[in-house]
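By convention in this document, chain letters (A, B, ...) are assigned in the order of the sequence lines, proteins followed by strands, and residues within each chain are numbered from 1.
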Number of protein chains: 2
Amino acid sequence: MRLKEGNKGNDILLAAIKVFAESGYHNAKIHKIAELAGVATGSIYVYYKNKETILQRIFEQLWERLYNELAAISRRTDINAIEKFDGLIDLLFDMFIKDPALAVVFVNEQNYLIQKDPKGFTPYYQKFIDLGECIVVEGIDKNAFTPDIDVKIIRSYIFGGLRHLLHQWAQSPEEYSLDSIRENVKYFSKRGLLK
Amino acid sequence: MRLKEGNKGNDILLAAIKVFAESGYHNAKIHKIAELAGVATGSIYVYYKNKETILQRIFEQLWERLYNELAAISRRTDINAIEKFDGLIDLLFDMFIKDPALAVVFVNEQNYLIQKDPKGFTPYYQKFIDLGECIVVEGIDKNAFTPDIDVKIIRSYIFGGLRHLLHQWAQSPEEYSLDSIRENVKYFSKRGLLK
DNA sequence: TGCATTATTGAATCGCAGTTCAAAAATAAA
DNA sequence: TTTATTTTTGAACTGCGATTCAATAATGCA
């Protein structure tokens, strides 16, 4: 018997995030991911069925984590809807500060993957989105947020705005301070949402 | 002598927008564009150097038009900054109502193309973005918009939000009414911007 | 130490699709 | 009609890179 050395499956995933961010999914070469992960080209196919599976796995991990963290925030009773909304924004910012390359991959490749194989895309994404919407609905119900908006539309709008900003930041982190981005987003969005 | 029949160059561009929207740029097959345009595969290469050039041309045309229309709005003196901001939103909505496939291509492929060859990307895009920023700055200067925001950040935020919404709408136009999207965006954004 | 089993390797394969180009067709002028 | 010129064609080419797989290496166990 022989056991697998270290954690090659994860090494490959981490390398793939970097290479996908650098070159884009379609221009990313498998041998480059292998090189960065410190494994042979063939090893990739021991751990993942194919290139697309790697991308799927990246998003699976991302949204599962984000969903669980948002769920923890959402079920708290010691903070109100406004604070939960803040928490949601912080969650996204924190995730992508830790891993800017992941932010780039998210913005550039998620649409492609969903379009390519909607069934294969992690359900945690939809669960995350739904939960975000719940928080806004809670805010409206508790009279903190204005009822004069369509929650689904505004949820998408905010999400798209965040996505774009995080992407810009990840592309050139020196240009903007992430904290200033974060505060501006909160300020602007809450003015839009609050009663 | 022989003259070129009809306007094959444009036929190809229109077909390409549809095929790129349908399959994504990387999965789009040249022969399918040719088929839809009603020309032979080889003809594509008479009119465009390669596949990437077609995509570049699509964005060139898009942003040149949008920039010119926004410039016309921006230089008007009979309307204020708030109305100009409305005009900007309407401009984008109108463009993509006319051509939902173009909205999809815009959202999915623009980042890729800019990353691939920044110099080759149409300068009208940046001009458009700058002009949009000017309108917000004008609003702040004239005391209509709050000065408590970073214009560049909020400009990106709004732009990203619009982008995402238009994309969602283009993917499934029956799900949302575009007019309701438009009104929600204006309402929410102006609450964020106004003094 | 030797054997069995599993992990790892990376050169070779193979299919795909972007691109080319020689031939054919269409048109204008003579 | 004939000729010269340009457009159009699409089958063939070609290069790339994802994937495969037979060989090799590493490990655990007897």
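A/Lys190 forms no cation-pi arrangement with A/Phe85, by the criterion of a distance under 6.0 Å to the ring centre and an angle within 45° of the ring axis.
Under a cut-off of 6.0 angstrom, the local environment of NZ in B/Lys186 is crowded, with over 12 non-hydrogen atoms contributed by other residues, nucleotides or ligands. Counted within 6.0 Å of NZ on B/Lys195, heavy atoms from surrounding residues, nucleotides or ligands total more than 12; the atom is thus considered enclosed.
A/Ile44 has its CD1 atom 13 Å from the C1' atom of D/dG17, to the nearest Å. When rounded to the nearest whole Å, the span between OH of A/Tyr48 and C1' of D/dA18 equals 17 Å. Rounded to an integer number of Å, the gap from B/Tyr47 OH to D/dT6 C1' is 11 Å.
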Margin query: Each nucleotide in nucleotides 10-21 of chain C should get exactly one letter: B, S or -. Can you fill that in based on protein heavy atoms under 4.0 Å?
Written below: B------SSBB-
Margin query: Applying salt bridge (Lys or Arg N to Asp or Glu O under 4.0 Å) to A/Lys142 and A/Glu138, what does each step give before you reach the verdict?
Written below: CA-CA 6 Å; A/Lys142 299 226 171 112; A/Glu138 185 192 326; 3.3 Å; yes
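Using cut-offs of 30° and 60° for the angle between ring planes, the B/Phe159 and A/His164 rings count as perpendicular.
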